[in-house]
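Worksheet: one structure, shown below.
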Amino acid sequence: VLRSKAGDRKGAQRWYQRGAEAGSDSAMFNLGNMLIDQGDLQGAEHWQRLAVEQGNVNAMHRLGYMLGEKGDQEGEEHWYRRGPEAGNAPSMFNLGLILRERGDLQGAEELYKTAMDQGHSGAMGSLGGLLHGRGDFDEAESLYRQSIQGGNKISMLNLGLLRQDRGDFESAEIWFKRADEAGVADASSNLASLKSKLESDHHLDAISFATFGWSLVMDRDKLRMWR
């Protein structure tokens with residue numbers, strides 16, 4: 001790990017390889033991650049599976065993510081479902097996204113809350129999105145702000161949408177700009193739409209969370225980018 005932090009990736013990989021071959025689950029996990037970065041997905045999956053066999057919770061999450069990227073949704077969900085049992089917040093969050101897409105809002109909410117209790121900023125933002133959609137603006141705004149403080153960038157966009165829903169267009173513009181500067185998808189289009197509506201002063205109520213926000217809440221790929 002020290003070699004990896006120091007930038008000696010080749011040296012780190014040699015040590016991870018030795019550790020993995022000696023049976024260290026953390027070395028297997030780290031070696032698998034390095035192989036992912038190198039594009040060796042088959043080798044990465046091999047080591048992550050071996051780490052999982054030894055009970056490495058982070059490897060369970062990583063394996064689920066890898067299978068999802070390959071289009072194996074059944075395998076992805078299987079390993080994410082191991083996350084709540086093991087207390088892995090990222091797995092709880094990603095499983096919550098799957099349930100949200102499926103229409104199981106109660107199941108998603110429960111997972112978001114559990115992951116949020118562990119400080120997962122993406123879960124805070126996604127729970128805020130569910131509450132925003134129900135019209136609970138106060139609690140949603142509080143969660144968006146907590147999520148932003150935790151480093152979640154997409155919540156900047158959703159906070160802008162919430163402020164817009166509340167008629168605070170000046171604040172909405174500020175948050176759209178911050179989200180755009182942070183590279184959040186759709187932030188620039190929301191900002192342009194708001195400016196256009198403000199300039200024309202017509203149909204301001206037509207641009208809201210209902211118009212743009214749910215498309216983000218339901219887009220698991222976009223949310224996972226900012227998890």
For Glu109 and Lys113: C-alpha separation, side-chain torsions, deciding distance, then whether salt bridge (Lys or Arg N to Asp or Glu O under 4.0 Å) applies.
CA-CA 6 Å; Glu109 182 173 343; Lys113 285 180 177 178; 3.1 Å; yes

Sub-4.5 Å side-chain heavy-atom contact between Tyr80 and Tyr65
yes

What's the verdict on side-chain hydrogen bond (donor to acceptor under 3.5 Å, both in side chains) for Gln48 and Asn33, showing C-alpha distance, side-chain angles and the deciding distance?
CA-CA 8 Å; Gln48 298 294 5; Asn33 285 337; 3.2 Å; yes

With the side chain counted from C-beta on, respond yes when Arg62 and Ile36 share a heavy-atom pair under 4.5 Å apart, and no when they do not.
yes

For the hydrophobic clusters of this structure (ILVMFWY residues joined by side-chain heavy atoms under 4.5 Å, transitively), does one cluster hold both Leu35 and Tyr16?
yes

Is it the case that Glu21 and Gln17 place a side-chain donor and acceptor less than 3.5 Å from each other?
yes

Apply side-chain hydrogen bond (donor to acceptor under 3.5 Å, both in side chains) to Thr114 and Glu110, showing your working.
CA-CA 6 Å; Thr114 306; Glu110 290 173 358; over 6 Å; no

Please answer whether the main-chain N or O of Ser26 pairs with a side-chain N or O of Asn30 as donor and acceptor at a distance below 3.5 Å.
yes

Closest approach of Asp180 and Ala187, non-hydrogen atoms and distance?
N-CB, 3.4 Å

Decide side chain to side chain contact (heavy atoms under 4.5 Å, CB included) for Arg166 and Leu162; before the verdict, give the C-alpha distance in whole Å, the side-chain angles of both, and the deciding distance to 0.1 Å.
CA-CA 6 Å; Arg166 288 186 146 174; Leu162 186 148; 3.8 Å; yes

Glu45/Lys70 ion pair, N-O < 4.0 Å:
yes

Ser200 side chain to Lys197 main-chain N or O, any donor-acceptor pair under 3.5 Å?
yes

Would you call Arg102 and Glu77 a salt bridge, using N to O less than 4.0 angstrom?
yes

Show the nearest heavy-atom pair for residues Leu111 and Pro84, with the distance to one decimal.
CD2-CG, 3.8 Å

How about Asn190 and Leu194: do any of their side-chain heavy atoms sit closer than 4.5 Å?
no

Less than 4.5 Å apart, any side-chain heavy atom of Met156 and any of Phe176?
no

Would the distance check show the side chain of Ser193 and the main-chain N or O of Ser189 forming a donor-acceptor pair, the cut-off being under 3.5 Å?
yes

I want to check something: taking the side chain as every heavy atom from C-beta on, are Met92 and Gln118 in contact at a cut-off of under 4.5 Å?
yes

Please check if Ile174 and Leu191 belong to a single hydrophobic cluster, counting links between Ile, Leu, Val, Met, Phe, Trp and Tyr side chain heavy atoms closer than 4.5 Å.
no

Within a strict 4.5 Å, meaning less than it, do heavy atoms of the Glu76 and Ile98 side chains meet?
yes

Taking every heavy atom of Met60 against every heavy atom of Val52, the minimum-distance pair comes out as N-CG2, 3.6 Å

Do the charged groups of Glu141 and Arg145 touch, with an N to O distance under 4.0 Å?
yes

Which heavy-atom pair separates Met28 from Ala51 by the least distance, and what is that distance?
SD-N, 3.6 Å

Does NZ or CZ of Arg82 lie under 6.0 Å from the centre of the six-membered ring of Trp79, at an angle within 45° of the ring axis?
no

Begin with the C-alpha distance, continue with both residues' side-chain angles, and end with the deciding distance and a verdict on side-chain hydrogen bond (donor to acceptor under 3.5 Å, both in side chains) for Gln13 and Gln38.
CA-CA 11 Å; Gln13 186 167 343; Gln38 295 169 16; 2.5 Å; yes

Between Ser155 and Asn152, do the side chains contain a donor N or O and an acceptor N or O under 3.5 Å apart?
yes

Answer with yes or no whether the hydrophobic clustering places Met116 together with Leu130; edges join I, L, V, M, F, W, Y residues whose side-chain heavy atoms lie under 4.5 Å apart.
yes

Indicate yes or no: at least one non-hydrogen side-chain atom of His46 is less than 4.5 angstrom from one of Leu50.
yes

Tyr112 and Leu97, any side-chain heavy atoms less than 4.5 Å apart:
yes

For the backbone of Ser121 and the side chain of Ser147, can you confirm whether one donor and one acceptor N or O come within less than 3.5 Å of each other?
yes

Side chain to side chain contact (heavy atoms under 4.5 Å, CB included) assessment of His61 paired with Asn94
CA-CA 9 Å; His61 171 73; Asn94 282 354; 3.3 Å; yes

Is it true that Tyr144 and His132 share a donor-acceptor pair across their side chains at a distance under 3.5 Å?
yes

Between Ala27 and Gly19, which heavy-atom pair has the shortest distance, and what is it?
CB-C, 3.6 Å

Measure across Leu157 and Ala179 and return the closest heavy-atom pair with its distance rounded to 0.1 Å.
N-CB, 3.7 Å

With salt bridge (Lys or Arg N to Asp or Glu O under 4.0 Å) as the criterion, how do Lys195 and Glu199 come out once you've worked through the C-alpha distance, each side chain's angles and the decisive distance to 0.1 Å?
CA-CA 6 Å; Lys195 286 183 175 180; Glu199 289 170 1; over 6 Å; no

